[in-house]
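Encoded as structure tokens, the structure appears first; notes follow it.
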Amino acid sequence: MNTVFLTTALFNSIMDDAPHTLDTVDRILTGGEAHSLTHMGTALSRFGPGRVTHVYGPTESTTFATYHPVLTLPPAGRPLPIGVPIQNTRAYVVDGDRLCAAGESGELLLAGPGLSPGYLGMAERTAESFVLRDVAGTIERLYRTGDLVHIDGEGRLVFGGRRDDQVKVNGFRIEPGEVAHHLDRHPEVRQSFVMAHRSAGGATSLLAFVVPATDRCTAAVLQDYLRGALPSYLIPAGIHLCEALPLSPTGKVDRQALVARTSRSKERP
């Protein structure tokens with residue numbers, strides 16, 4: 001059996017431009033960022049249920065911690081689960097020192113033999129990220145992922161964003177991934193990415209970058225669409241159309257390259 005792992009952004013690009021290149025692959029693993037249901041739907045239609053597996057795992061847990069074989073798409077408006085822990089990995093959803101009930105959002109902590117010993121030469125950071133906790137009477141060494149998740153009705157973990165990705169814009173706490181989720185549902189959008197950006201003057205705003213699916217996709221159309229779906233404080237200050245989302249050497253969306261594009265466009269006469 002042959003297997004390939006693709007970061008989310010690279011998986012989306014392949015689904016858009018060359019899904020046939022994966023026809024001979026037995027198992028497709030993909031993860032790293034929140035998945036677009038549109039692209040996952042394309043994969044389901046082409047490859048059938050169970051061929052694609054959504055995987056999750058920070059580097060500190062070497063390398064995957066959870067998995068979710070994609071058999072169907074979740075109901076509209078819900079994200080794709082990151083699934084259940086792989087063999088010998090344990091996952092806990094906590095709010096402070098308290099274990100969260102099903103449906104309740106909290107930070108994901110991981111345990112098991114896959115955990116890294118820590119960060120080389122960074123004792124303070126290691127102590128912050130790798131902690132000892134009493135879990136049901138047993139002392140566990142846990143890695144604090146910084147990821148917010150909840151357990152759904154079928155016992156699967158569902159990613160809800162990162163603590164350090166949440167930003168305050170005009171006094172409101174915002175998760176950029178929520179805005180991207182709505183943009184990806186628009187039929188004229190191939191791919192999108194939303195991020196917070198702090199200007200030279202210190203003001204923070206949301207910026208959206210969109211790869212259009214058709215010529216009918218414009219910033220104005222998308223602004224109107226978002227106004228009908230989201231409260232005003234979640235509407236990006238700017239929506240920038242681009243031919244493709246730039247990727248970093250690790251296969252994730254390159255934020256610095258996106259910001260550089262907006263700076264160049266402002267410099268043009």
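All heavy atoms count here, side chains included; hydrogens, waters and symmetry mates do not. Just so you know, these numbers come straight off a predicted model, no measurement behind them.
Leu183 and Val210 make their closest contact through CD1-CG2, 4.2 Å (heavy atoms, listed as atom of the first residue, atom of the second, distance). Minimum interatomic distance between Ala91 and Leu110 (heavy atoms only, all atoms of both residues): CB-CD2, 4.0 Å. Counting all heavy atoms, side chain and backbone alike, Leu234 lies closest to Leu206 at O-CD1, 3.8 Å. When all heavy atoms of Val253 and Glu33 are compared, the pair lying nearest together is N-OE1, 3.8 Å. Looking at every heavy atom in both residues, Pro79 comes nearest to Val158 through CG-CG1, 3.5 Å. Nearest approach of Gly251 to Ala9, heavy atoms of both residues: O-CB, 3.7 Å.
A donor atom on one side chain and an acceptor atom on the other are not found under 3.5 Å apart for Tyr225 and Glu188.
In this structure, the side chain of His54 does not engage the main chain of Thr66 through any donor-acceptor pair within 3.5 Å. Side chain of Thr8 to backbone of Ala34: no donor-acceptor contact under 3.5 angstrom is found. Side chain of Tyr67 to main chain of Leu29: no donor-acceptor pair is present (N/O by atom type, distance under 3.5 Å, no hydrogens or angles).
Ion pairing between a basic and an acidic side chain is recognised when a charged N comes within 4.0 Å of a carboxylate O; Glu107 and Arg144 show such pairing.
Using a 30° and 60° split on the angle between ring planes, Phe159 and Tyr56 fall in the tilted class, from 30° to 60°. Ring planes of Phe11 and His35: perpendicular class, angle over 60° (limits at 30 and 60°).
Residues Val189 and Asp184 form a side-chain contact, since some pair of their non-hydrogen atoms from C-beta on lies under 4.5 Å apart.
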